[in-house]
Amino acid sequence: MPNFWIQPALRLGGIALLGLVVGLVWDLTAGLGVVAAGLLVLVVVQLVYLQRLQRWLDDPEAAVVPEGWGAWNSVFSTLYRARRRDEASRKGLTSALERFRQAAGALPDGVVLLDAGFHIEWCNSAAEAHFGIELARDQGLLFTHIARHPVLADYLALDVGAMPVTMRPTQNQAQILSLQVIPFGAADRLLLSRDVTAIERAETIRRDFVANVSHELRTPLTVLTGFLELIADDIPREPAVARRQNQLMKEHAERMARLVEDLLTLSRLESDSVIAPSTRVDVPALLDHLGVDAESLAAGRHRFRWDVDPHLAVTGSEQELRSVFSNLVSNAIRYTPAGGDISVTWRLQKGQAEFAVKDSGIGIAPEHIPRLTERFYRVDTGRSRETGGTGLGLAIVKHVLVRHQAKLEIDSEPGQGSTFRAVFPSRRVRHLDTAAADTDPAASTG
Ligand code: ADP
């Protein structure tokens, strides 16, 4: 600040000195005239800069900061710096706001900002889809007029801090949304919407599953307790009747054991990693053993054909693969009447390993095929139970194949027979004669 006075003082001193010199050389009037003219020039210069400043202040965006002279130089450069700082902080704020909007816009959950009167202030694109609103068109409008749904109006009218509710949007009845309203600011509200369709579906599947398991256990338990009561009451039984009843009890106990076994297998599969191990499994040896078991299960009622590539192996879990192959073969036996043909193939097809079981059995109508791998889904429950089925076999097969990145393909025609194919990806294929590594690093992640 002291510097401020040096230049004006020098300029005024210069004018006074010039006036003095002129006054001494000529006369006093000429001296005063020079001083007055000097002061006038100074005033005019100040006025010119003042006017430039005024013009810039009127429209700082359009005009550049003026160049200055003397003290104006420092005024203008201070203003210029202040303006740059201001611009930078405004840019920072604008970009922070934009990023915040982008982040809120990218949220998978819907967000609607409502004012105290429930008018839409802002919403993200998920909310637009959930409530059928369009921010550009509906901003400022009453939310409950735009997103018409009885649940919405009732829920928003409740006291703030209410528990979340669920609703099915009018424009998409298949969807289930969970809503929660959160108060903020003076009397504003944040309405959050989350798509819980998958969670609700999983919950329905779980409930159905528990109901199915209970239902499956009820019949054998009723049979067992009924016969056990007879025994407990010492009711005399003919030896032939007693033998028959004991046999029935054994069959029902075995059925429960099979069911529990399959349930445990499923639960083990669910709790294991989603990717099967990458250990090489000697499938031809495995199928050798399976062939013996299958033919003894069929007890000569079916003609078998085995066509197994002795060099073809895959990586995975031996125990799980055994369960897939034996489930498919035992289904072919159980759903093929006596005298039918069953052919089992294990071969390389276009670089993929294919396990196929073809039977000449009862076949399956096309509408059932997409649902066969659902737990407890059976085309004919009576037949499945009679032959010792739990209704979980293909669910286990599907689960194991997913863990091996393999596909299940089903071709079937009622009355003609079915072909079930498990197709393993080429990266799981191994050749038994080569010194191929037992592990496949690509499949060992996860
Ligand atoms: P299940 O224990 O009832 O056999 P699965 O899950 O193994 O249960 O099979 C589901 C249903 O698929 C069976 O109940 C049956 O209706 C049908 N199915 C499976 N394999 C065959 C097949 N080879 N031929 C005809 N139907 C089959």
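Each ligand, and each atom within it, is numbered from 1 in the order the structure gives. These values consider heavy atoms only, across backbone and side chains, with no hydrogens, waters or symmetry-generated copies.
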(request) Using a strict 4.0 Å cut-off to heavy atoms of T390, name the atoms of ligand 1 that fall inside it. (result) 2 (O)

(message) For atom 6 (O) of ligand 1, what is the closest protein heavy atom, and at what distance to 0.1 Å?
(response) L394 N, 2.7 Å

(request) Applying side-chain contact (heavy atoms from CB on, under 4.5 Å) between Y335 and each of I362, D359, D380, report the one that passes. (result) I362

(message) Once salt bridge (charged side-chain N to carboxylate O under 4.0 Å, His left out) is applied, what residue pairs with a partner in residues 295-307 remain, sequence neighbours excluded?
(response) R303-D341

(request) Provide, to 0.1 Å, the distance between atom 26 (N) of ligand 1 and the closest protein heavy atom, together with that atom's residue and name. (result) I364 CG1, 3.3 Å

(request) Show the numbers, then the answer: is there a side chain to side chain contact (heavy atoms under 4.5 Å, CB included) between D138 and F143? (result) CA-CA 8 Å; D138 303 329; F143 178 66; over 6 Å; no

(request) Inspect the contact between D309 and R347 and indicate whether a charged nitrogen and a carboxylate oxygen are less than 4.0 angstrom apart. (result) no

(request) Anything under 30° is parallel, anything over 60° is perpendicular, the rest tilted; go ahead and classify F355 against W346. (result) tilted

(message) Show me which atoms of ligand 1 lie under 4.0 Å from any heavy atom of R334.
(response) 1 (P), 2 (O), 4 (O)

(request) Say whether G393, considering both its backbone and side-chain N or O atoms, lies within less than 3.5 Å of an N or O atom on ligand 1. (result) yes

(request) Please confirm whether G389 comes within less than 3.5 Å of ligand 1 when only nitrogen or oxygen atoms on both sides are compared. (result) no

(request) Give a yes or no on whether a salt bridge exists between R83 and E87, defined as a side-chain N under 4.0 angstrom from a carboxylate O. (result) yes

(message) Tell me the protein heavy atom at minimum distance from atom 12 (O) of ligand 1, and give that distance in Å.
(response) L372 CD2, 3.3 Å

(request) Give a yes/no on ligand 1: does H368 have at least one heavy atom closer than 4.0 angstrom to it? (result) no

(request) Looking only at protein heavy atoms, identify the closest one to atom 24 (N) of ligand 1 and say how far it is in Å. (result) Y335 CB, 3.3 Å

(message) Could you check whether any heavy atom of N327 sits closer than 4.0 Å to an atom of ligand 1, since that is the contact criterion I want to use?
(response) no

(message) Taking only non-hydrogen atoms of S418, do any sit less than 4.0 angstrom from ligand 1?
(response) yes

(message) For atom 7 (O) of ligand 1, what is the closest protein heavy atom, and at what distance to 0.1 Å?
(response) N331 ND2, 2.9 Å

(message) Strictly below 4.0 Å, N to O, side chains only: are D208 and R375 in salt-bridge contact?
(response) no

(message) Ignoring hydrogens and geometry beyond distance, is a side-chain donor-acceptor pair present between H302 and T336 at under 3.5 Å?
(response) no

(request) For atom 23 (N) of ligand 1, find the nearest protein heavy atom and state the residue, atom name and distance (0.1 Å precision). (result) D359 OD2, 3.0 Å

(request) Specify side chain, backbone, both or neither for Y377, according to which of its non-hydrogen atoms lie closer than 4.0 Å to ligand 1. (result) backbone

(message) List the residues meeting side chain to side chain donor-acceptor pair (under 3.5 Å) with K407, not counting sequence neighbours, and say none if there are none.
(response) none

(request) To the nearest 0.5 angstrom, please state how far the CG atom of N73 sits from the OH atom of Y49. (result) 8.0 Å

(request) Using a 4.0 Å heavy-atom cut-off, say whether T336 meets ligand 1 through its side chain, its backbone, both or neither. (result) neither

(message) For atom 3 (O) of ligand 1, what's the nearest protein heavy-atom neighbour? Residue, atom name and distance, please.
(response) S384 OG, 2.6 Å

(request) Have a look at G391, S330, G388, S360 and point out the one with the heavy atom closest to atom 1 (P) of ligand 1. (result) G391

(request) Would you mind running through ligand 1 and noting each atom that sits below 4.0 Å from a heavy atom of R378? (result) 3 (O), 14 (O)

(message) Test your reading of the structure: does V379 have an N or O sitting under 3.5 Å from an N or O of ligand 1?
(response) yes

(message) Tell me whether R189 is salt-bridged to E121, with the criterion being a basic N under 4.0 Å from an acidic carboxylate O.
(response) no

(request) State plainly whether the residues R378 and E216 are in salt-bridge range, i.e. N to O under 4.0 Å. (result) yes

